[in-house]
Every structure is written in structure tokens, then in C-alpha cells.
Amino acid sequence: MSEYNFKETENKWQKIWKDNQTFKADNNSTKPKYYALDMFPYPSGAGLHVGHPLGYIASDIIARYKRIKGYNVLHPMGFDSFGLPAEQYAVQTGQHPAITTEQNITRYIQQLEKIGFSYDWSREVWTSKPDYYHWTQWIFIQLFHGWYNKETNKADTIHNLIKLFEVSGNSTVKAACDEDTKVFTAEEWKFMSEKEKSDTLLKYRLTYIANTMVNWCPALGTVLANEEVVNGVSERGGHPVERKKMQQWMMRITAFAERLLQGLDTIDWPEPMKDMQRYWIGKSFGAELNFKVVDKDITLTVFTTRVDTTFGVTYVSIAPEHELISELTTPEYKEAVTTFVTQAKNRSERDRMSDVKTVSGQFTGSYVVNPFNGEKIQLWIADYVLAGYGTGVVMAVPSSDERDFKFATQYNLPIITVQEGPKTDITKEDFDPKAGTMINSGFLNGLAVPEAIQKAIKFVEEKGFGKARTQYKMRDAIFARQRYWGEPLPVYYKEGIPHTIVEKDLPLELPQIDEYKPTATGEPPLGRAKNYTYKGYPLELSTMPGWAGSSWYFLRYMDPKNITRFASEKAVKYWNQVDLYIGGAEHATGHLFYSRFWNMFLYDMGYVTHPEPFKKLINQGMIQGRSSFVYRLGNTNHFISLNLAKKWSTYTLNEETDKFGIEELDELLFKFGASNTLEVKYKEENDGSIKIIYTPKIIALHVDVNIVHNDELDEDAFKKWRTDLADSKFIHEDGKYICGSEVEKMSKSKYNVVSPDDICDKYGADTLRMYEMFLGPLEQFKPWNTNGIEGVYKFLRKLWRLFYNEDGKLIITDNAPTPEELKILHKTIKKVEEDIERHSFNTSVSTFMVCVNELSSLKCNNKKILEELIIVLSPYAPHITEELWELLGHTESISLATYPQWKQEYMTESEFEYPISINGKMRAKINFPLDMPAADIEKQVLANEAVQKWLEGKAPKKIIVVPNRIVNVVL
RNA sequence: GCCGGGAUGGUGGAACUGGUAGACACGCAGGACUUAAAAUCCUGUGACCCUUAAAGUCGUGCGGGUUCGAUUCCCGCUCCUGGUACCA
């Protein structure tokens, strides 16, 4: 093979890698380990587009790089194969989602293999396979039998909690539990019924059943997440959604809030990503404060971060969902309150939150007492108060909080100013709630806000009005979906008490059902299964949410075939933590959060060796589509080239003054059979006269980007693209038809999807890999644009030609490398190594290009030089380098080679050319030996003729010599 | 509203800690080879000034500042983009 034949080369090596299992990771290696992980994909029906592999290519480069650096690398791939699209397809067609899923995965694997990734396919996992979800269910069971001990700050087994209850009840137990948990003694515990014990324990378990507000969609028969509800109807199908209190399986993730927050400081993640998680956890310090309700035996507790403003409280507001509302409403307000509450309930929480501009509320008729000054103030229901945060009750300080201010103004409630000084006026733009000093606030008067907060909290605790409290925004996660295509919850009910199924009976497999819809009685689809029971008892009909399987898959890769444990202790200990995780930033508060939670739990229980699953994280930016447009004249099949279209559509012609213009245009339009495409508009001028404007009607149409090359339209392909375009005519500019472009999301309907398969067929996988890296920084969002791909392709052919001459003869020599060649090589090794370490893949591609250009202009065909260059290049372009490696006489895969070390000795120069700047402007260049002292350089610079010219006889004030950089003369 | 990221030639982008802005690539222009085309190779390519050359001037979104020197640091804006949202 004397010409670079990427097809032959790539097929050959992909087959060899597969047959030899070249990239199989060893669990019993003595080498240091490196775990490089990609976020596994959901296999959608559309296949991969060119944006998907971006992160995979980067991690593959690192995996291959680490291999030749001597690491035992775990680089696996799998599929997050439970999910909604396959289920919806099943509902429509009756085809089992497993079939659809398998078809999609097969296609994904074919596509991935074509790009030449060094995955260890023997470790492939699918979350929808029973031997995988066996262990998802097992983790669920561990969580069910777990509780969180706040004393030791660790999760523990429920067995140990029961022992504590038996000894001293729950009053001494510090645990993460439901708010409404009642205090009981050991004696009381002993005499509880089985059901009572179960209910009590559920308040402590890390997976538990609770009544919570959910978005229920009757038409779809399932609970929806907040983001799936838009304007009160479901995102898919537009069915009405109601707020409903339902029994749901939950995960007590809030128990881990503090540790999930603290853990962020120990991991190497992008700072914005950590910030998102911090914000999501939403830790805030403040206090609980009790407000007694007048004439009722009720005390309302509020949470506030601003106890210092308590003297400014003029009313208290309560969430519409609050349980005590009916008790708190006086008879004369009953009707108004009921109307208001029903109204508010029908707006989903997100809906209410996004509609920030309007506030609404209703007086309950009740009054509460401000503990600080004994004042009687009104109790309102307000829809800006969220039931799920804090206590669901808020003390309102209209002078210091913008929402309270808006509400108070709207309902004519009093306002007491408690802060004075600059920026304390709430009606002004520059209002800062924490500015100024306290006034009208009794013992707090004159203090700045931070001190006032401290003093007020102390006061509250001393007087017994309440206590200091840390509050988190994060809430427990709902862990059940009323759907078919997910992991069945391994739970059955015996006399109304939930039990987990025995571990040896796992996995609890998804049953076959005839249809994938909810049952007629509104039960989840699993209600259709026949004999869906365990030991004769009914099983839970909900399945796990989409994030369950993806929350631990990185552990399964460590030992995917294990049937006795999710992964052997030895494997878990060896692989320990994911060293590098590459994936999109969109998972910040979902997958990445839940994975940390589950891993932390498993760590507490002694199943894994590190509390944080992902040591280092890199977010790759999304690759957007770059749509191409053609410009159609009116409703004809005449298309105008981009710049003509631009000109014409802004080219308004005035009949009076522009006779020539309109004739010219009309003639053109007529010539192309496109008359009647002029739009006539009338515009009134300042002087009252009417101006007639003609504009050609130009319609921009999306055109398939695959028939546009460097923005030039392939006209023949265009005519064949759609039958109605067969008779198209083109109005050219410079003899070509140029298309317009715009950056949009990649999607079928915009005809801007580019498949990696097409690129591989046309240019090869190595070109695709290098080009995707060359496109720009990994983290950056960027549009896909095939325009520059030729450059990378040319580079690979140029590399090939270092080995063969024009006659197809191998021209490698064993000569000793010249110093110049060595210098080029070692410069390249150094630069590429630095680039990989800081993930600047785009610059290393440039470095390779420079290197090959320089070597080829030196006509270098030295075996030693090329050998090392090929090793360094191999992570980027694995196929061509394997082929060339073999040509150099090696019989083993390049992945077993050793990464060459760059040597300073080949790169040092004896002289350095200093640019000389005078008052900041570059004026001359002079060579000096590297070891010349600064004082000597100064002298020689002043003596230099070229410099003298610029000095004009003046003596410089100062000379700055920056070693190996610059000499600056200041006049 | 709040929290991020960004703005550099015709285009994608480089410049790592302040030190020759525009590496590398695309595109474009010209040339070589060829009967021709493709492929390949060579040269030029920020703008202005200019017959040419030399030299010069201006240039990293806008306005200021610090510095001998700023794409880089500081202050104030504009626009684009991502996330998030009544969290008390």
C-alpha cells in the first residue's frame, strides 16, 4: 500500500483490536491504574451525530496516552437503556421496548466501533439487563435498610437503629428523619404493632414512602417531574396536570446534604459545576422563630435568615398547601380561603415560581403575635410561600424583602422600616437587603446587619423564642415512576407493610405485559402483569426513575460479570475512583448529584473505598448544528446566491428616483422566469409624499448540509434531493451558488445533522478524530462545520508520504538523526505532552501539523525520529499510526509501546534572539548568548547601531532585560 | 433577578505565569508541474498609507485606569451565550 488508504487501514486495525481484545483491562495488574470514563449514552433511535463523539474522542486520547505511559487503563462503555422514548414507542406500536432498545444499541455500537475507540467491550453494561438491575435493586434494598446517623455523620443499618430504639426509644437518637416524627420511649417501642413499627422506621429509612405533592397527569397515568409540566399541562401531549398528594417512594438524599457540599472541596471539577451543585444544595444559616396564634392553641414556626429584622415583621404568610390552614381560618373567611387555595393548588410549583411578577394572597382572619414586641399581626396565605422549603411559613418584613414589599403594597399591609443608611431604600434600584444599620428595632438599634443577626439569634435562643437553624434548599428525591420501562422496585406488601424481597431472589425481573399503558383503574402498567406477586403477596407496581441505573454504573464496569456482588471487593479496591470523567454540563444537578449520593452511601456501608466517585471531571461543550440555507425567489424554483439575496432583499427601489434599478432587477427576474416576485410596499415620507418600494420576495429554506461543501451548493445533488426541486435554476455569484448559514441545534428537521459515519466513509476515522479535536477547545460550545476538515486529511496524507516516495517505495532509513530533526521531534513531544495534561487537544493537533511540515521540508525519513513521532501521535490517530508502526517492523500493537521522553539537550540553543523594544515599541533584534549576564546585554544593546538610531542621543532612564523574552529600553 | 462562560483577520481558532498579537487550519489570490483536470508543491494574505520598496500609523466588543509594556490585571458599560429561579 503506497497511498494512504484509510478504509483498508481502519478496517484492518479495528478487526485486529477486536479479535485480540487489545484494550481489555486487567483486574490483576501490577501497573498503576487509570480509570477514564465517558458518560454512557441513552441509545436513541436517531443514532449518533457528529457531536456525540466529541467527549469520547477526548477520553479515548487520554486512555491511549495513559496506556503508553505505562498505566493499566480501564476505559469502558455501556448504555443507559431504560427510558421514556422506547416506552412511548412501545405504547404506540406494541413492540416491546427491549427490542427497540437492542436495535438502537446495535447501531450505536457499530457507529462507535467505526471511530476506533479503545473501549474494553468485554465490560459493556446495559442498565436494562436483569444481571445489571439486579444490583440496582440490591442498592435500593441497602438504602431501605439504612438510616443516617447525624452523630457519627454516617449512614448505618436499620438493624442498629432498632437496637437503639429498644434501649432508649428515639429521643436520644440523632438521625435524619421526617419532620413529623413523634418521640417515643423504649417501652412504647416495645408495645408498638408491626404496622406502627414499620411506619416509624419509614420515617428514618433512606428510601421511604411518604405522602408528597406531585404533578399527577391523569391522561398519561403518571407522576411528572416539575420540568415536564409547562403552563399546567404536560410537556408531551398537552394533557392537564394536577397537584396531588400521593404516596411515593422517596430517597432521603437530604441526609447527605452537608457531606455532598463539603465533598465538593475535595474533587477536581470545573468550578462552575461545583457552584451549580452548591447552589442546588442551597445551604443557608438562620433561625426558627415561633409565632403564637392569637386565641388558638397553635404556634407557627417560621424559618428566617434575617432574625435581625423581626421588629419589622408586619404580617406572617403561610403556604397554600399548609396542613393547618383550615384550623387557622376564621369562619367569615372560610369561603374566600377555600377559593384561593383551590386556585393556587392547580398551579404547579414550577409554574408558580416562574410567574414571579404577580403575587396573590388571602387573609385568614387569624392573628399571630410577634415574639419580639408582642404586636398582633395578620396571618395571610400567600402563594409565593413554598410548602416544601423551610417550615412553609414566612415572617414578612416588607421593608427588607422585595416580595414582602410587593405583597404588602398590593394588600395595603403596614410597612415598618428597620434599616437606615445608603442602599436601604427598597423602592430604589440599588437596594441591598443587608446594607445599613438597624433602627426601630429595640435592642438591635445602631448595629450593622451582620452583628444584629448574631445578637438577635442569641436573644431568640435565650428567650426560648426559637433556635438557630441551618436550612438546605435541596429536597428529597421522588424515586418512583408509574411506568413500565424501568427497574421494578423490589418491594412487596404484606398486610400493608412494605418489605424488600430476599436478596437471593434478585433480580426481580420486569414481567411481560400485553400493553404498555396504565390499567383501566389507573394503576401503573405493571398492574397489567399476571401473577405479579412475591410469595403470594402483591409487588410494588412503580418502577425506578431514569437516574437509578446511571447512579452506580461506573462501579459495575470494575467487575461487570460478577454474579455474587455488584463488583468484587478486590476490583472495587483496585480501581477505587474514576480518575477522569468526561461528559456534558447538563448533568450537574441530576446524574452527577445522585451518583455522588449513592457512592457516598455505599462508602459509609463499607462497599466502596472512596466517598467521591469522580476524582476529576471535564465538561465537553455541545457541538451545535450549522444549518445551510438557499434563497428562493417568491414561490418559483429559482434560487439566488447568498450575497445577491442579501443585496436584493435590502435593495429597496424607488420608482421615481431609481428607474434604472427597477428595470434592471425586473429584467433579471423576467429572464429567470420569476416575475411576480416583487413585493410592493408604500412608505410615507416626512414631507407627506408616498414612496413606493419594491422588494423581491426571498424565502430562506433549510437545505441538507451534506450537499453543501464550503458553503457552495452541489447543484446536481440539490436537484436530486427533493423531486419538487428537479427543475431548479440558480442565480450565481462569481459563477457559484453560495449558501447562507446559521447556528442551531442539530436536528433532523433542520437538515443539519452530520453523521460520523459519513465523515468516516469520506475521510476516515483518524481524520474525524483529529478534526473534532482541532475544531476548538473541548469545553467550548461550537457549531459543527466541515469546512476545515481537508486540512487534517492533508496532514495525514503528508505523514504517510514521509514513509513512501511518489513511486510508492518505502524510503525509511536507519541513518542517525540530525540535530535539527531531533530538535523538531523533542519540541513536539514536549508540547503534546503538556497539551494532553491540560486537555488542550486542539493545540496539539496544530503542533503535529507543524512537526510534519518541518520534517517533510527537511525530507526526513529517519526511522528513529518517525518511530517516536508515531507513538506520540497514536492516541489521536490510532489507525494510521498502527499501520505505520507495523511498517517500521514492529509486530506488537503500538498501545504496548513506551511513550518517548522529550530531552532538553536536543532543544537548547546557544543563542537567543532578543527583540529590543524602545518605549514599548519593537525596534530591533539582536542575538545574545543564552548565558550572557543582563548587565552585558544592556551594554551591548546601547552600543548597537540600530538601537542608537532610535535613542537619538538620549540616555535611557531604565533598561529592562527579561531573560529569554525581551529587552525594553525606557527613555 | 441571581450565578457562570464568552467577544481576537473573510472563517475556525492560537498566544500556558503581563513581554514580537493573529500560531495552525480553512478560504482567497498568484505561481510551478500537467495536453487538461485532480492531486501535490511554492509564494502572498489584519487594516490603513502606497506605483513599488522601505518606513510608518491603527488594530484583540466599547469607555477609562495601572504599567516601560495589557488580548492578559483593575473600574465602568454593550452585546451574545449557558444555567437557575418567589429558597424567606
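Below, chain A is the first sequence line, B the second, and so on; all start at residue 1. All of these numbers come straight from a predicted model, not from anything done at the bench.
Listed nucleotides: C24(B), G13(B), U40(B). Nearest to the side chain of Phe774(A): C24(B). Side-chain atoms of Asn787(A) lie closest to C26(B) of the nucleotides U40(B), C24(B), C26(B). Checking A25(B), C41(B), A88(B) against the side-chain heavy atoms of Arg801(A) singles out C41(B) as nearest. Candidate nucleotides C68(B), C24(B), G13(B) were compared by shortest atom distance to the side chain of Val970(A), and C68(B) ranks first. If you check A88(B), G56(B), A25(B) against the side chain of Arg923(A), the one that comes closest is G56(B).
Ring orientation note: the planes of Phe774(A) and Tyr771(A) are tilted relative to one another, at an angle of 30° to 60°. Taking the six-membered ring where tryptophan is involved, the planes of Phe372(A) and Phe311(A) are perpendicular, since the angle between them exceeds 60° and thus also 30°.
Between Tyr793(A) and Phe795(A), the ring centre distance reaches or exceeds 6.0 Å. Checked against the 6.0 Å centroid criterion, the rings of Tyr315(A) and Phe407(A) qualify as a close aromatic pair. Aromatic ring centroids of Phe928(A) and Phe912(A) lie 6.0 Å or more apart.
For the pair Tyr472(A) OH and C87(B) P, the interatomic distance rounds to 19 Å; values are reported in whole Å. Following rounding to the nearest Å, Glu402(A) (CD) and C87(B) (C1') show an atom-to-atom distance of 15 Å. In this structure, Tyr771(A) places its OH atom 10 Å from P of C26(B), rounding to the nearest Å. Computed from coordinates, the Arg306(A) CZ to A88(B) P distance equals 11 Å when rounded to whole Å. The CD-P distance, from Glu586(A) to G5(B), rounds to 18 Å in whole Å. Rounding to whole angstrom units, NZ of residue Lys745(A) and C1' of U81(B) are separated by 15 Å. Rounding to whole angstrom units, CD of residue Glu779(A) and C1' of G4(B) are separated by 14 Å. Residue Met773(A) contributes atom CE, which lies 19 Å from atom P of G12(B) at whole-angstrom precision.
Under the rule for a side chain to side chain donor-acceptor pair (under 3.5 Å), the partners of Gln471(A) that lie at least two apart in sequence or sit in another chain are Arg469(A).
The same atom, P, is picked in A7(B) and in U57(B); the two are 28 Å apart, to the nearest Å. The gap from the P atom of G56(B) to that of C2(B) amounts to 49 Å, rounded to the nearest Å. As rounded to the nearest Å, U34(B) and U20(B) have C1' atoms that lie 42 Å from one another.
By the 4.0 Å N-to-carboxylate-O rule, Glu271(A) lies close enough to Arg278(A) to be salt-bridged with it.
Nucleotide G4(B) is shown with an anti base, its glycosidic torsion being more than 90° from 0.
Around the NZ atom of Lys283(A), the shell of radius 6.0 Å holds more than 12 heavy atoms that belong to other residues, nucleotides or ligands.
Contacts with RNA chain B (heavy atom under 4.0 Å) in residues 271-280 of chain A: Pro272(A), Met276(A), Tyr279(A), listed by number.
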inquiry  = Walk me through whether Phe6(A) and Tyr763(A) qualify under ring-ring contact (aromatic ring centres under 6.0 Å, His included).
reply    = CA-CA 7 Å; Phe6(A) 60 83; Tyr763(A) 298 100; 7.8 Å; no
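Pairs engaging residues 773-783 of chain A under the salt bridge (charged side-chain N to carboxylate O under 4.0 Å, His left out) rule: none recorded [sequence neighbours left out].
The CH2 atom of Trp280(A) sits 15.0 Å away from atom CG of Leu261(A), with the distance rounded to the nearest 0.5 Å.
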request  = Any chance you could list the contact pattern along nucleotides 14-20 of chain B? Use B for base contacts, S for sugar-phosphate-only contacts and - for none, protein heavy atoms under 4.0 Å, 5' to 3'.
outcome  = SS---BB
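Stem analysis of RNA chain B (Watson-Crick or G-U pairs, both distances under 3.5 Å, runs of at least three) returns B:1-7 with B:78-84, B:10-12 with B:24-26, B:27-32 with B:40-45, B:46-48 with B:56-58, B:61-65 with B:73-77.
With no hydrogens or angles considered, no side-chain donor-acceptor pair links Ser846(A) and Thr843(A) at under 3.5 Å.
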Any N/O pairs under 3.5 Å between the protein and nucleotides 42-45 of chain B? List them or say none.
none

